[in-house]
Amino acid sequence: MSDFAELSLGDKKIQLPVIVGSEDEKAVDIGKLRDETGYITIDSGYKNTGATKSAITFLDGELGILRYRGYSIEELAEKASFLEVAYLLIYGELPTTEQFASFEYEIKMHTIVNEDMRKIFEGFPVNAHPMGVLSAMVCAMSAFYTGEKAGSDELNIIRLMSKMPSMATWSYKKSMGHPINYPNNSLDYCSNFLNMMFALPVAPYHVDPVVAAALNKLLILHADHEQNCSTSTVRLVGSSHASLYASISAGINALSGPLHGGANQEVIEMLEEIKADGGDTSKYIAMAKDKTSGFRLMGFGHRVYKNFDPRAKIIKKAADDVLSKLGINDPILKIAQELETAALNDEYFVARKLYPNVDFYSGIIYRALGIPTDMFTVMFAIGRLPGWIAQWKEMKANKEPIGRPRQVYTGATLREYVSIENR
Ligand code: MLT
């Protein structure tokens with residue numbers, strides 16, 4: 001294969017370098033295109049445009065492969081803890097016993113959130129959406145940890161990994177009218193989160209190992225996904241050398257969109273709508289095919305996976321396991337399974353590659369774990385945090401330039417000002 005791509009533009013010919021990644025992915029480097037030809041490329045949604053070279057996550061959309069630093073998500077979800085995977089993504093290797101102990105110790109030493117942050121939090125209304133609250137609280141950290149308290153990037157990474165889960169639980173406790181819980185450093189990362197969510201002063205909270213294991217698996221499966229919308233946002237904001245907190249806060253906002261991380265909340269709301277309407281999935285399958293119905297099947301299809309989302313396969317099995325172990329017979333699981341079966345056997349959906357994605361079953365597990373629907377995307381953010389951090393760290397380590405895409409102007413050409421009397 002040639003090391004160059006040749007582009008003919010009118011009477012110009014230009015050779016552009018071809019780069020090949022470690023998994024044989026190929027790209028044409030157009031870094032000199034505009035300077036040498038005056039042309040730029042345009043690619044709405046960047047579906048064919050690479051923003052960077054990255055060594056963190058590899059996915060193959062055709063084969064349904066997803067690996068973090070070369071390890072398959074199937075192995076990691078089965079054998080690793082979320083904190084181990086966070087270490088792997090952020091620092092590049094699975095930790096030794098000593099490295100993990102030190103990482104876990106540092107995180108435990110920073111779980112307490114500055115009490116003045118609570119004053120900011122108290123200003124939110126009880127019905128504030130937890131994602132808006134979370135992005136604001138994370139951004140507020142850039143105001144708290146500044147100047148002589150700024151600390152190193154490494155310290156701020158630990159602060160975020162430690163404090164974000166604590167702050168995430170505050171919205172739920174406020175919505176329930178319950179006092180917040182402080183972290184309990186005798187618990188592991190997932191158990192500590194569950195304890196902060198569900199413990200009450202009136203009775204000790206027992207962390208069910210089944211629930212903690214399911215949460216561990218879900219967070220691992222959400223930990224990174226190469227250059228998705230929110231991760232690209234984190235890298236772009238970080239490329240201006242804005243703080244880690246400001247970059248992650250921007251990523252949380254991008255993730256909140258219903259076309260991105262907000263989809264897991266939309267899926268459950270769709271399943272509940274179908275259940276409330278009698279549970280007739282065939283009616284909704286027909287509506288999904290009817291463009292005039294205004295109904296969209298949420299949780300199906302994916303921008304990069306062409307045949308199946310490997311995370312959905314793992315989460316579907318976990319959903320079955322968790323509900324049976326917890327003895328939960330959730331009618332929307334049956335509706336979800338009926339929708340999946342119909343979609344996988346209906347040519348309309350098969351032809352459009354509409355199969356369950358990571359968001360389709362995750363909400364069912366979150367429900368089973370007792371997590372409220374408006375917290376589902378917060379759970380996605382907690383899972384994705386180490387991935388965002390790793391990608392921000394890589395962008396800085398590679399000294400990447402500030403991101404500044406170009407455009408093709410299509411507005412009015414030069415015209416002169418006309419005074420208001422004469423318009
Ligand atoms: C993700 O995990 O970020 C979502 O699947 C979206 C994506 O990768 O585009």
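For ligands, and for the atoms within them, numbers begin at 1 and follow the listed sequence.
- Ion pair Lys313/Glu74 not flagged as a salt bridge, since none of the NZ, NE, NH1 or NH2 atoms sits closer than 4.0 Å to an Asp/Glu carboxylate oxygen.
- When heavy-atom distances to ligand 1 are checked against a 4.0 Å cut-off, His260 comes that close only through its side chain, counted from C-beta outward.
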TODO: Check the pair Tyr91 / Phe103 against ring-ring contact (aromatic ring centres under 6.0 Å, His included), numbers first and verdict last.
DONE: CA-CA 11 Å; Tyr91 303 111; Phe103 183 55; 5.8 Å; yes
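- Contacts with ligand 1 closer than 4.0 Å are made by side-chain heavy atoms of His302 only, the backbone lying farther away.
- Across all their heavy atoms, Ser230 and His260 have their closest contact at OG-NE2, 2.9 Å.
- Proximity to Arg303 (heavy-atom distance under 4.0 Å) selects the following atoms of ligand 1: 6 (C), 7 (C), 9 (O).
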- [ ] Show your working on ring-ring contact (aromatic ring centres under 6.0 Å, His included) between Phe300 and Tyr355 and close with a plain yes or no.
- [x] CA-CA 5 Å; Phe300 282 80; Tyr355 46 78; 8.2 Å; no
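- Residue Phe380 approaches ligand 1 through these ligand atoms, each under 4.0 Å from one of its heavy atoms: 1 (C), 2 (O).
- In this structure, Arg118 is positioned above the aromatic face of Trp170, its NZ or CZ under 6.0 Å from the six-membered ring centre and within 45° of the axis.
- Contact detail for Glu84 and Phe100: the closest heavy-atom pair is N-CE1, 3.6 Å.
- Atoms of ligand 1 found under 4.0 Å from any heavy atom of Arg311, numbered from 1 in the order shown, are 1 (C), 2 (O), 5 (O).
- Interface atoms of ligand 1 facing His225, defined by a heavy-atom separation under 4.0 Å, are 1 (C), 2 (O), 3 (O), 5 (O), 7 (C), 8 (O).
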Open item on the list: Let's go through Asp208 and Lys325 carefully: what are the C-alpha distance in whole Å and the side-chain angles of both, what is the deciding distance for salt bridge (Lys or Arg N to Asp or Glu O under 4.0 Å) to 0.1 Å, and is it a yes or a no?
Closed with: CA-CA 11 Å; Asp208 183 331; Lys325 284 179 184 170; over 6 Å; no
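- In this structure, Arg384 counts as a contact residue of ligand 1, since one of its heavy atoms falls inside 4.0 Å of the ligand.
- Neither the backbone nor the side chain of Gln227 has a heavy atom within less than 4.0 Å of ligand 1.
- Contacts between Tyr305 and ligand 1 below 4.0 angstrom, taking non-hydrogen atoms only, are absent altogether.
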